[in-house]
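Below is one structure; the comments refer to it alone.
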Amino acid sequence: MPSESLRFETLEALKNSPKGKLNYSPDWLEKGEDILAGCVEVSSLSPLSGQILKRLSPRPLLKTRSLSSCVRDTSPEVSEGLSAGASVPISPRQISSPPPVSLHAEDDEQKAGEIQEESVVSPVASPPPAISVLSPRATQMAGCIRMCERKHKAKAKVELSLRLEQQERLVATVSSCESEQLKRYEELMELKQRQEYQSMRDMMEKETQESLGRQEKLREEHRHRMKILNLRLREAEQQRLREAELERQRQVEGRERHRAINAIQEEVLQLNQLLQPRPSTQTDPALDHTPYITRGNQLCSQVSDVVPASADGQFPSVEDLTVAERALQEMRSLVRNLQGEEAQAAERKRKEQDEEEEKKKRHEELKAQQEEQKKTAARSAKEKAKKEGLQTGADESTLKWYSALQDAANQCAQACDELSRAKDTQTKKLKMELQKAATTPVSQIANISGAPLKEAFEKIDKLLSSRPVTSAGKTVSASQHPQGLEFVSYKLAEKFVKQGEEEVASNHSAAFPIAAVASGIWELHPKIGELILAHLHKKCPYAVPHYPPMERGTSVEDYQKILGYRVDDSKVEGQDSFLKRMSGMIRLYAAIIQMRWPYTGKQGPHPHGLNHGWRWLAQILNMEPLADITATILFDFLEVCGNALMKLYRGQFWKLILLIYEEYFPRIEAVTSTGQMGSVTRLKQFLEVSVWFQAPNIIFS
């Protein structure tokens with residue numbers, strides 16, 4: 001506090017003052033000592049006092065000296081007093097202070113006179129030491145000094161008593177003030193202590209709550225870290241298992257490569273032996289085996305350099321296997337070249353015989369062409385005869401086939417009707433999972449090829465084989481429900497046709513990968529092919545081909561649905577949208593009849609091959625064309641499948657193209673209005689290019 005600091009500064013200043021340095025004894029009164037005993041210095045004369053006294057009174061001084069010397073032996077007390085008086089030093093201040101002497105001059109003179117009278121009147125009574133040895137002036141001066149000292153002592157005693165009383169009163173006042181201040185200070189300190197105690201208790205409670213929160217947070221962090229550690233441990237274990245599996249697979253592959261390199265080395269050595277000249281060819285001077293033998297030895301050494309590197313406990317790398325395979329291929333080519341040269345030498349001997357055989361073959365081919373031309377002329381004559389009366393619908397056999405396919409599709413739909421209309425949650429969930437497993441792989445097929453296409457095919461094959469398939473993170477199988485296989489087959493066929501209707505219609509190149517998968521599935525599961533044809537004929541009757549007539553009692557909307565139009569709320573889709581969908585489905589059909597699944601080892605006959613495409617094309621040409629739709633489907637079919645038909649049927653195909661251009665296309669133009677000439681123009685351009693640039697080379701050769 002400020003007051004306390006000032007108080008201590010005041011006490012420190014008093015302590016360092018001259019009066020504060022005086023020593024006070026509280027027991028002076030009991031001991032009978034003078035209060036100023038410690039403060040009064042012993043009076044002493046200065047060394048110069050003798051000179052001063054000599055100047056003042058030289059004669060009495062000499063007299064006193066002589067007298068003192070005379071009575072020194074007889075009066076020891078006087079001598080002691082004189083010696084004491086002589087030895088008392090007189091300060092210059094006492095000697096040179098005339099005012100006190102002048103003030104008390106009369107008293108001093110009286111006292112000195114009385115002393116002299118006493119000394120003169122009673123010379124006998126006083127002992128010899130009473131003889132004054134000092135001068136009157138010195139005696140007077142000494143008396144004055146003593147009187148002055150007594151007065152000063154008395155005055156000092158009075159002042160000291162006053163000062164003591166004042167000091168006692170001041171001490172009492174100060175002590176009372178200090179006691180009050182001490183009480184206030186103690187109260188203030190007690191208040192501060194209570195406040196500090198309260199704040200300390202609040203702080204402790206706050207810290208307790210914070211510590212509890214931190215402990216809870218630490219527990220949560222500990223639990224979280226434990227979860228993370230467990231996950232990391234599981235991941236590490238899985239990683240270890242994966243690495244072990246990879247290591248095992250690497251060792252298996254390494255052993256396979258090792259065996260392959262050994263087999264390659266063995267085959268290379270065997271082929272190298274074939275490069276050696278045989279006795280039958282040594283007589284031919286045109287053959288030189290030296291370059292073949294040299295290169296064969298180099299390839300053998302190259303393969304031998306690769307084998308020791310893999311025999312030291314390490315597996316050969318892929319590069320080593322590639323080097324060995326290249327050496328093997330080159331060795332095979334060397335053997336083939338050598339055998340080719342040997343064969344050429346043998347062929348030279350039979351050259352004349354071969355030429356004769358070729359002449360015979362040419363004569364036979366010419367005869368066959370003449371016969372074909374005769375048959376074509378006869379057929380064209382028959383067609384011209386029947387030109388005026390083309391069919392308005394499909395053949396009876398085609399309609400029977402069409403009806404059988406629709407009946408099979410309806411039976412399949414009825415067989416899975418219970419699963420399709422299931423109401424319980426579990427069956428509905430299974431139905432949705434089976435439908436996703438069937439449609440998702442087909443939806444992923446567009447312009448993909450290679451491993452993704454193969455993966456989609458394998459998923460579909462597994463599902464149709466009642467094996468478990470993973471779809472959307474869940475494993476499902478068609479065997480989980482008695483009607484699961486029929487349901488999956490029906491939905492899968494429907495999805496293939498829908499892809500042609502939507503995906504192929506927008507992206508023509510997507511027809512070939514979809515057709516490859518559909519053809520492969522058809523070959524493994526024939527029922528799927530029948531369902532695909534049934535759905536295709538139902539949505540696009542022109543794929544039969546079939547132009548359904550309008551029967552009695554059939555409404556316009558129903559008839560349009562039969563023709564393939566989409567009708568929603570009595571609204572029929574536009575002609576462009578209709579033609580686009582029909583084009584996509586015809587393109588898919590044309591791709592299916594020519595595509596095969598490329599990843600099978602052994603391929604049998606196509607389940608629905610190009611012969612059906614030839615049948616379709618022939619039946620289309622035997623039917624009266626319809627406006628817009630006939631030109632569209634003919635152009636799409638020929639653009640997709642024309643090349644495959646040409647390779648298979650060759651001249652017959654070009655004759656058919658010529659027939660379309662000369663006989664059938666004018667009929668299409670006759671039934672087509674001015675606003676529907678887009679598809680007709682495309683077909684005309686296609687036929688013109690085919691006829692004028694391709695057909696003459698085959699027909700008129």
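What's counted below: heavy atoms across the whole structure, side chains too, no hydrogens, waters or symmetry copies.
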> Stepwise, does the side chain to side chain donor-acceptor pair (under 3.5 Å) test hold for His612 with Tyr589?
Replying inline: CA-CA 10 Å; His612 291 273; Tyr589 178 68; 5.2 Å; no
> Any sub-3.5 Å donor-acceptor pair from Asn622's side-chain atoms to Ala618's backbone N or O?
Replying inline: yes
>> As an exercise, state the distance from OG1 of Thr440 to CG of Leu463, rounded to the nearest 0.5 Å.
In response: 10.5 Å
> Do other residues, nucleotides or ligands put more than 12 heavy atoms under 6.0 Å from the CD atom of Glu396?
Replying inline: no
> If we ignore angles and hydrogens, is there a donor and acceptor under 3.5 Å between the side chains of Gln251 and Arg248?
Replying inline: no
> Nearest 0.5 Å, what's the CD-CG distance between Glu486 and Leu531?
Replying inline: 10.0 Å
> Quick one: which of Val442, Ile532, Ile528 gives a side-chain contact (heavy atoms from CB on, under 4.5 Å) with Ile521?
Replying inline: Ile528
> Ignoring hydrogens and geometry, is there a side-chain-to-backbone donor-acceptor pair from Arg581 to Gly564 under 3.5 Å?
Replying inline: yes
>> Could you check whether any side-chain heavy atom of Phe578 comes within less than 4.5 Å of a side-chain heavy atom of Thr632, counting everything from C-beta outward?
In response: no
> Where is the tightest heavy-atom contact between Ile514 and Ala510, given as atom of each residue plus distance?
Replying inline: CG1-O, 3.2 Å
> How long is the gap from OH on Tyr490 to CD on Gln411, to the nearest 0.5 Å?
Replying inline: 12.5 Å
> Between the main-chain N or O of Leu405 and the side-chain N or O of Glu530, is there a donor-acceptor pair closer than 3.5 Å?
Replying inline: no
> Is there a donor in the side chain of His606 and an acceptor in the side chain of Ser519, or the other way round, less than 3.5 Å apart?
Replying inline: yes
> Side chains of Leu563 and Tyr547: does their closest heavy-atom pair fall under 4.5 Å?
Replying inline: no
>> How long is the straight-line distance from OG1 of Thr630 back to CG of Leu621, given to the nearest 0.5 Å?
In response: 10.0 Å
>> I'd like to know whether Glu669 forms a side chain to side chain contact (heavy atoms under 4.5 Å, CB included) with Val680, so could you lay out the CA-CA distance, the side-chain angles of the two residues, the decisive distance to 0.1 Å, and finally the verdict.
In response: CA-CA 7 Å; Glu669 286 182 323; Val680 176; 4.0 Å; yes
> Between Pro545 and Trp616, which heavy-atom pair has the shortest distance, and what is it?
Replying inline: CD-CD1, 3.4 Å
> Does the side chain of Leu617 reach to within under 4.5 Å of the side chain of Leu638, using non-hydrogen atoms?
Replying inline: yes
> At their closest point, which heavy atom of Leu588 faces which heavy atom of Ala515, and how far apart are they?
Replying inline: CD1-N, 4.2 Å
> Can you tell me if Glu639 uses its side chain to pair, donor with acceptor, with the backbone of Phe686 under 3.5 Å?
Replying inline: no
> Looking only at heavy atoms, which two atoms of Ile562 and Pro541 are closest? And how far apart?
Replying inline: O-CG, 3.5 Å
>> Do Leu626 and Val671 make a side-chain contact, defined as non-hydrogen atoms from C-beta onward lying under 4.5 Å apart?
In response: no
>> Tell me if the CZ atom of Arg225 is crowded by more than 12 foreign heavy atoms within 6.0 Å.
In response: no
> Are the side chain of Ser466 and the backbone N or O of Ala478 linked by a donor-acceptor pair below 3.5 Å?
Replying inline: no
> Run the salt bridge (charged side-chain N to carboxylate O under 4.0 Å, His left out) check on Glu253 and Arg250 step by step: do they pass?
Replying inline: CA-CA 5 Å; Glu253 292 176 353; Arg250 187 185 68 82; over 6 Å; no
> Are Asn611 and Tyr649 close enough, and set up right, to give a side chain to side chain contact (heavy atoms under 4.5 Å, CB included), and what steps lead you there?
Replying inline: CA-CA 10 Å; Asn611 57 330; Tyr649 295 101; 4.0 Å; yes
>> Using a 6.0 Å cut-off, check whether atom CZ of Arg467 has over 12 heavy atoms from anything other than its own residue.
In response: yes
>> Which residue is it: Glu557, Gln575, Gln560, Glu573? I am looking for the one with a side-chain hydrogen bond (donor to acceptor under 3.5 Å, both in side chains) to Tyr565.
In response: Gln575
>> Within this structure, what is the CG-CH2 distance for the pair Asp461 and Trp597, rounded to the nearest 0.5 Å?
In response: 10.0 Å
> Which heavy atom in Ser690 sits nearest to a heavy atom in Ile657, and how many Å separate them?
Replying inline: CB-CG2, 4.0 Å
> At what distance, to the nearest 0.5 angstrom, does CD of Glu216 lie from OG of Ser211?
Replying inline: 12.0 Å
> Between Ala591 and Phe512, what is the shortest heavy-atom contact and its length?
Replying inline: CB-CD2, 4.3 Å
> Side chain of Asn507, backbone of Glu503: donor and acceptor closer than 3.5 Å?
Replying inline: no
> Between the side chain of Thr554 and the main-chain N/O of Met550, is any donor-acceptor distance below 3.5 Å?
Replying inline: no
> Does the side chain of Phe665 come within less than 4.5 Å of Leu634's, by heavy atoms?
Replying inline: no
>> Is the ring pair Trp614/Phe653 parallel, tilted or perpendicular, if the boundaries are 30 and 60 degrees?
In response: tilted
> Under the side chain to side chain contact (heavy atoms under 4.5 Å, CB included) criterion, do Asp320 and Arg257 qualify, and how do the steps go?
Replying inline: CA-CA 9 Å; Asp320 297 338; Arg257 288 194 295 269; over 6 Å; no
> Hey, does the side chain of Tyr559 reach the backbone of Glu551 with a donor-acceptor pair shorter than 3.5 angstrom?
Replying inline: no
> Does the pair Arg242/Glu245 count as a salt bridge with the N-to-O cut at 4.0 Å?
Replying inline: no
> Is the shortest heavy-atom distance from the side chain of Ser583 to the side chain of Phe635 under 4.5 Å?
Replying inline: no
> Does a donor on one side chain sit under 3.5 Å from an acceptor on the other, for Gln619 and Arg615?
Replying inline: yes
> Is His481 reaching over with its side chain to a backbone N or O of Gln483, donor-acceptor style, under 3.5 angstrom?
Replying inline: yes
> Can any side-chain N or O of Ser489 pair as donor or acceptor with the backbone N or O of Leu485 at less than 3.5 Å?
Replying inline: yes
>> With side chain to side chain contact (heavy atoms under 4.5 Å, CB included) as the criterion, how do Leu464 and Leu524 come out once you've worked through the C-alpha distance, each side chain's angles and the decisive distance to 0.1 Å?
In response: CA-CA 10 Å; Leu464 294 174; Leu524 296 176; over 6 Å; no
> Should the ring pair Tyr402 and His537 be called parallel, tilted or perpendicular, given that the plane angle runs from 0 to 90° and is split at 30 and 60?
Replying inline: tilted
> Would a 4.5 Å heavy-atom cut-off, applied to side chains only, mark Leu453 and Ile445 as touching?
Replying inline: yes
> Taking the side chain as C-beta and beyond, is there a heavy-atom pair between Lys491 and Lys495 under 4.5 Å?
Replying inline: no
> Are the charged groups of Glu501 and Lys498 less than 4.0 angstrom apart, N to O?
Replying inline: no
> Looking at Arg240 and Glu237, does any basic side-chain N land under 4.0 Å from a carboxylate oxygen?
Replying inline: yes
